[in-house]
There are 2 protein chains.
Amino acid sequence: MIRDLPSLNALRTFEAAARLESATRAAAELNVTHGAVSRQIRVLEAELGTTLFTHEGRGLALTAAGRRLRDVASSALDQLRDGCARLRHDIETAPFVLGCSGSVLARWMIPRLERMGRELPGVKLNLSVIEHAPANGMPGLDAMLLLAEPPWPAAWQVHVLAPERIAPVFSPRHPRSAALRKANLAALVKEPLLHTTSRPQAWPAWARAQRVAVARLQFGQAFEHLYYMLEAAVAGLGVAIAPEPLVADDIAAGRLLAPWAFRATRASWVLCAPKSSGDPRIATLGHWLQQQLALP
Amino acid sequence: MIRDLPSLNALRTFEAAARLESATRAAAELNVTHGAVSRQIRVLEAELGTTLFTHEGRGLALTAAGRRLRDVASSALDQLRDGCARLRHDIETAPFVLGCSGSVLARWMIPRLERMGRELPGVKLNLSVIEHAPANGMPGLDAMLLLAEPPWPAAWQVHVLAPERIAPVFSPRHPRSAALRKANLAALVKEPLLHTTSRPQAWPAWARAQRVAVARLQFGQAFEHLYYMLEAAVAGLGVAIAPEPLVADDIAAGRLLAPWAFRATRASWVLCAPKSSGDPRIATLGHWLQQQLALP
DNA sequence: ATGGACGTGTGAGATTTCCTGACAGGTCGT
DNA sequence: ACGACCTGTCAGGAAATCTCACACGTCCAT
């Protein structure tokens, strides 16, 4: 099925010249010189083996063949212009739906939304809370920001943004904060530890990595989400363990203390999207998130 | 009204790649390498700010945006292909309608039609007899081959092919041919001269130019057309006066004698067409006719 | 009628675009 | 695991395209 088209650039030039009935005005519209227009029309005439314009006084006039070609070309090019404009518009204005947990949303994304709007003006972000990553597909989502361990589902394209780093945190208002601030890590075994039902392995895994006796850990209040646990920690109700970015602002403001170093876990902050997506904003967003997560 | 289109070459490349779902096959169709296809698709993606293809195994798969663009592009390009093919076909197969007098047709065009078909294979010639040039417009004609004097109508584009050259001719079968063959021009005043009703001035004008006494010319048989007059001359019925190309074959074959030199008149062989035509075959045909008329 | 404004056609040279040809890397089937 | 197959990418060169300048014809005002 080999059918050939004339030079499309020549055709576009011709369409403008035919519509404006002037090589000079067509040149202005196409941001070229009139010589280029004249030449392109010559090319098209040679390809079709006919004359498209005749001279009418000091201007141009279409021949019969020229009129026919103009009708065909203007219709097709208008269709193309319209379709491309529509597509462009949709691409530019379509919001990017990012899913993340409520805790990440409230404690990390929301404080950074204003800066993001400034630094990524092209991306209209819609945020959607996803507490549990869907098994397959991402209904209504363009991407998800997750804390997760490999392996990743094969259907995802995963951008690893930063390793997860966690540490115990507590409030200056904590009854034993003065003592804890200078205490050895081992002192934590005496504290009732705030924890979440969604990640029961957080404390034990951390303790193992820090050579703290896992068996002697005492669990205190449990929360459904990290967000509530951290609110409890800020309120001085106990020692929590949390990813650094979610508590960095509180530490900087003095609402939380973290006397022990943050340590990497096996999990990472990842931005994941369906493999078939191909949305270029994923890379843009991933790059920006990576920068933000790397800040002190 | 400035609306911009993406690169049309990139769009054509994309359309082929989307239709064939393969950069390699698109490259084969477009007679380029797959690298060129890949690059053009990249250009288009950059212009639209989106991804059009994703990788599907070792092949390509369209994204949602790609599918939309394919629908738009294939429809528009198909329309363009169809319109251009139709136009091309009409241009190539449209016969060129040439008008000329019956005399020129019978004594000059018809003997040359075979050679013309060989030397101008692209031109399908239709011949139409026009005894009197129409005042304005050329109904049903693409051009006319005429013997005519300036000035030309302003609405015509006129290609002057050759000056008209005429001379008296007679047959070897003419009763006084032996005497005429060696006679002085002045001897013609004694002959009853064959002439046409359509150009009664032919003999007087020629005689004036040759310093022969016009008043003493004797007119013999009159014919409606040059063609019949020349047939009469060939039959030995008298002395006719004729344009060189129309009798050259007869002279070469010995059917007519022309002992006196051919002289230019004020008329010319011209190919004329409407000024608005712009048909490139006019120039082709004019060139060929000019060559043929210049032959000995 | 004459000069100037306007519009188009054409040429040589410069510039941009485009293609090629080779290589790298990933996927599929055996 | 290997080869066949497909795509992405790069540097360099070929080709298309543009620009600039000038020539020429038309229209208008003086």
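As a basis for the values below, the full set of heavy atoms in this structure was taken, side chains included, without hydrogen atoms, waters or symmetry mates.
Under the 4.0 Å criterion applied to side-chain N and carboxylate O atoms, A/Glu164 and A/Arg199 are assigned as salt-bridge partners. A salt bridge does not link B/Arg67 to B/Asp71: none of the charged side-chain nitrogens sits closer than 4.0 Å to a carboxylate oxygen. Residues A/Arg19 and A/Glu15 are paired through a salt bridge, judged by an N-O separation under 4.0 Å between the basic side chain and the carboxylate.
Atom CG of B/Leu20 and atom P of D/dT7 are 11 Å apart (whole Å). A/Arg42 places its CZ atom 17 Å from the P atom of D/dA16, with the value rounded to the nearest Å. Taking atom CZ of B/Phe53 as the reference point, atom P of D/dT9 lies 14 Å away to the nearest angstrom. To the nearest angstrom, C1' of C/dT30 lies 12 Å from CZ of B/Arg58. Per the geometry, CD1 belonging to B/Ile41 stands 14 Å off C1' belonging to D/dT9, to the nearest Å. The distance from atom CG of B/Leu52 to atom C1' of D/dT7 is 15 Å, rounded to the nearest whole Å. Atom C1' of nucleotide D/dT17 and atom CG of A/Leu11 are separated by 16 Å, given to the nearest angstrom. The distance between atom CG of A/Leu30 and atom P of D/dT17, rounded to the nearest whole Å, is 13 Å.
Nucleic acid contact for A/Gly57: sugar-phosphate only, since backbone atoms but no base atoms lie under 4.0 Å from a heavy atom of the residue. Residue A/Arg39 is in base contact, counting any heavy-atom pair closer than 4.0 Å across all strands shown.
In terms of phosphate contacts, B/Ser22 brings a side-chain nitrogen or oxygen within less than 4.0 Å of OP1 or OP2 of D/dT7. OP1 and OP2 of D/dA16 both lie 4.0 Å or more from every side-chain N or O belonging to A/Asn9. Remark: A/Gln40 is in phosphate contact with D/dC18, judged by side-chain N or O atoms under 4.0 Å from OP1 or OP2. Taking 4.0 angstrom as the limit, B/Thr24 places a side-chain polar atom (N or O) nearer than this to OP1 or OP2 of D/dT7. Using a 4.0 Å cut-off, some side-chain N or O of A/Ser38 falls inside it from OP1 or OP2 of C/dG9.
Within a 6.0 Å radius of CZ in A/Arg165, other residues, nucleotides and ligands contribute more than 12 heavy atoms.
Between A/Val32 and A/Glu56, the one whose closest nucleotide on DNA chain D sits nearer the 5' end is A/Val32. Map A/Gly59 and B/Ser7 each onto its nearest nucleotide of DNA chain C; the residue landing nearer the 5' end is A/Gly59.
D/dC6 has no stacking from B/His34 on its base ring, since the centres under 5.5 angstrom apart and planes within 30 degrees of parallel are not both found.
A donor and an acceptor atom never sit less than 3.5 Å apart when one is taken from the side chain of A/His55 and the other from the base of C/dG7.
Closest contact between the side chain of A/Thr33 and the listed nucleotides D/dT19, C/dT10, C/dT20 involves D/dT19. If you check D/dT7, D/dT9, C/dT20 against the side chain of B/Ala36, the one that comes closest is C/dT20.
The heavy-atom pair separating B/Cys100 from B/Met109 by the smallest distance is SG-CG, 4.1 Å.
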For this session: For the pair B/Glu119 and B/Trp288, evaluate side chain to side chain donor-acceptor pair (under 3.5 Å) and give the outcome as yes or no after the intermediate values.
Result: CA-CA 9 Å; B/Glu119 298 183 6; B/Trp288 188 84; 2.8 Å; yes
